[in-house]
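The structure under discussion appears below in the form of structure tokens.
Heads up: numbering here begins at 1 and tracks the sequence. Note that the coordinates shown come from a computational prediction; the quantities given were computed from them, not determined experimentally.
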Amino acid sequence: MMPIMPVGLLTLTFVGTVHHVQFVGSGPLLSAAIASDRGQDPLEAANAKLQAGHYQEAIDFANKALVESAHGLEPLLIKALAYLQMGQYETAVKESSQYLSAGGKNTKAYQVRGSALAKLGKTLEAIDDFSAAIRHEPDNAVFWASRGSVRVTVRQFEQALVDLDTAVRLGRRTPGVYVDRGAALRQLGRNEEAYESYSKGLSLKPGYRSALLERGLILECMGKDHDAVNDYSEVIRNNPQDHEARLYRAWVYAELGDLSSSAEDLHWIINKGGDKIAAYVQLANVQLRMGNISDAMKANDEALKLVKESDIRYRILSDYQRGLLLLIEGKSEESKRRYGSASNLAEKSLDDIAVEEAIRQLKSAQNLLSGQKKDLEQDLVSSLQKLLERIQSQSAQDSRHCRHGYF
């Protein structure tokens with residue numbers, strides 16, 4: 001727990017980080033400075049209500065306190081914190097900005113506003129606020145952890161790692177910090193270190209969902225698929241309704257050749273309302289590998305019905321799937337058109353993951369052809385070469401994606 005800094009009646013200590021733009025970790029957002037039993041002073045009452053989790057009442061009392069000039073600016077910060085906890089992020093930004101503009105001196109106002117901005121997806125502005133907080137309090141580990149977490153989301157992985165390591169050195173050793181640190185290491189291709197960081201987070205908080213899911217992916221990258229299944233299964237044991245963990249486990253089951261278990265998880269997702277597009281796409285792959293071409297085509301049909309124009313990755317993958325299924329059915333011309341459409345979309349896409357997937361799909365089609373249809377094979381080779389050149393021209397590739405044949 002970070003040292004507490006009292007400012008008037010308001011005493012703040014922040015916990016957690018904004019990994020995946022959310023607070024994680026344990027403990028309350030505020031600590032200590034419980035209001036006196038008198039309950040007469042509106043600022044005392046606002047502070048007490050805030051710490052008790054009665055956020056609207058805290059706001060009401062803070063508004064009363066603002067009427068009394070003797071209370072200064074602290075009620076604005078109480079309101080900002082309450083709105084942050086209520087998920088009203090734009091209002092939290094407004095209140096904390098008003099506090100700072102009026103000359104408020106509590107550095108943690110930058111933390112409040114930065115956290116709200118991160119939730120709103122305004123990550124660069126959030127980083128600016130966390131940087132301002134660090135300039136005022138360079139030994140505050142929470143500020144370093146918060147900035148490092150947001151830097152992961154904007155792919156500033158090296159800078160994020162520096163921030164997170166600084167947070168750990170300053171004493172910020174929470175599960176959330178180690179998960180964020182693992183994410184940065186994973187993106188830098190340092191899988192062993194990422195694994196250790198996720199494991200450290202789990203040692204501090206056994207069963208921690210984010211750490212188990214992230215470590216499972218690292219285990220996949222390390223070729224330890226059975227261990228990855230164990231991590232995903234633990235998440236499911238803790239929450240049988242976890243669609244994401246089931247989808248990840250289905251992917252790994254397919255890699256291990258346990259197609260029936262993979263199909264079982266995928267059908268569960270489809271029936272229970274999870275990510276149906278991803279489930280249908282993967283189910284088509286599973287059915288194809290099981291030799292059920294008709295069922296694979298049906299699953300692909302469902303994926304194509306659900307996919308939206310904005311879902312570039314799934315549009316590309318679903319079209320490649322259809323091209324492959326048409327090729328197997330002997331419909332070469334239709335297959336050629338599908339592959340051409342998907343390849344053109346992939347070539348124009350700014351999504352590097354989609355391009356990598358396109359390459360995998362083209363290679364699969366090449367292997368299936370085995371020189372049988374020269375005209376189509378030449379088209380595929382041409383598309384493949386263009387996409388390979390596209391990938392090779394990138395200054396850096398995303399090291400997250402070590403799965404085969406899906407996203």
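Ring centroid separation for the pair H136 and Y110 comes in under the 6.0 Å cut-off. For F130 and F143, the ring centers are positioned 6.0 Å apart or more.
Taking OG1 from T123 and CD from E125, the interatomic distance works out to 8.5 Å, rounded to the nearest 0.5 Å. Rounded to the nearest 0.5 angstrom, D265 CG and H243 NE2 are separated by 11.5 Å. Separation of atoms CG (L81) and CD (Q111) is listed at 10.0 Å; rounding is to 0.5 Å.
No cation-pi contact links R172 to W144, judged by a cut-off of 6.0 Å to the six-membered ring centre and 45° from its axis. By the 6.0 Å and 45° rule, K276 does not stack over the aromatic ring of Y280.
At least one donor-acceptor pair under 3.5 Å links the side chain of N271 to the backbone N or O of H267. A side-chain donor-acceptor contact under 3.5 Å links R173 to the backbone of V168. Between the side chain of S96 and the backbone N or O of A80, no donor-acceptor pair lies under 3.5 Å.
Partner Y232 forms a ring pair (Phe, Tyr, Trp, His ring centres under 6.0 Å) with one of Y248, Y253, W251 and no other, that one being Y248.
Residues D163 and Q159 bring no donor and acceptor atom of their side chains to less than 3.5 Å of each other.
Around the CD atom of E264, the shell of radius 6.0 Å holds no more than 12 heavy atoms that belong to other residues, nucleotides or ligands. E158 CD: 12 or fewer foreign heavy atoms inside a 6.0 Å radius. More than 12 heavy atoms of other shown residues, nucleotides or ligands fall within 6.0 angstrom of atom CD in Q241.
The residues R209 and D242 are annotated as salt-bridged, a charged nitrogen and a carboxylate oxygen being separated by less than 4.0 angstrom. A salt bridge links E214 and R186; the closest N-O separation between the charged side-chain nitrogens and carboxylate oxygens is under 4.0 Å. With respect to the salt-bridge test (charged N to carboxylate O, under 4.0 angstrom), the residues D301 and R322 qualify. A salt bridge links E302 with K305; the closest basic N to acidic carboxylate O contact falls under 4.0 Å.
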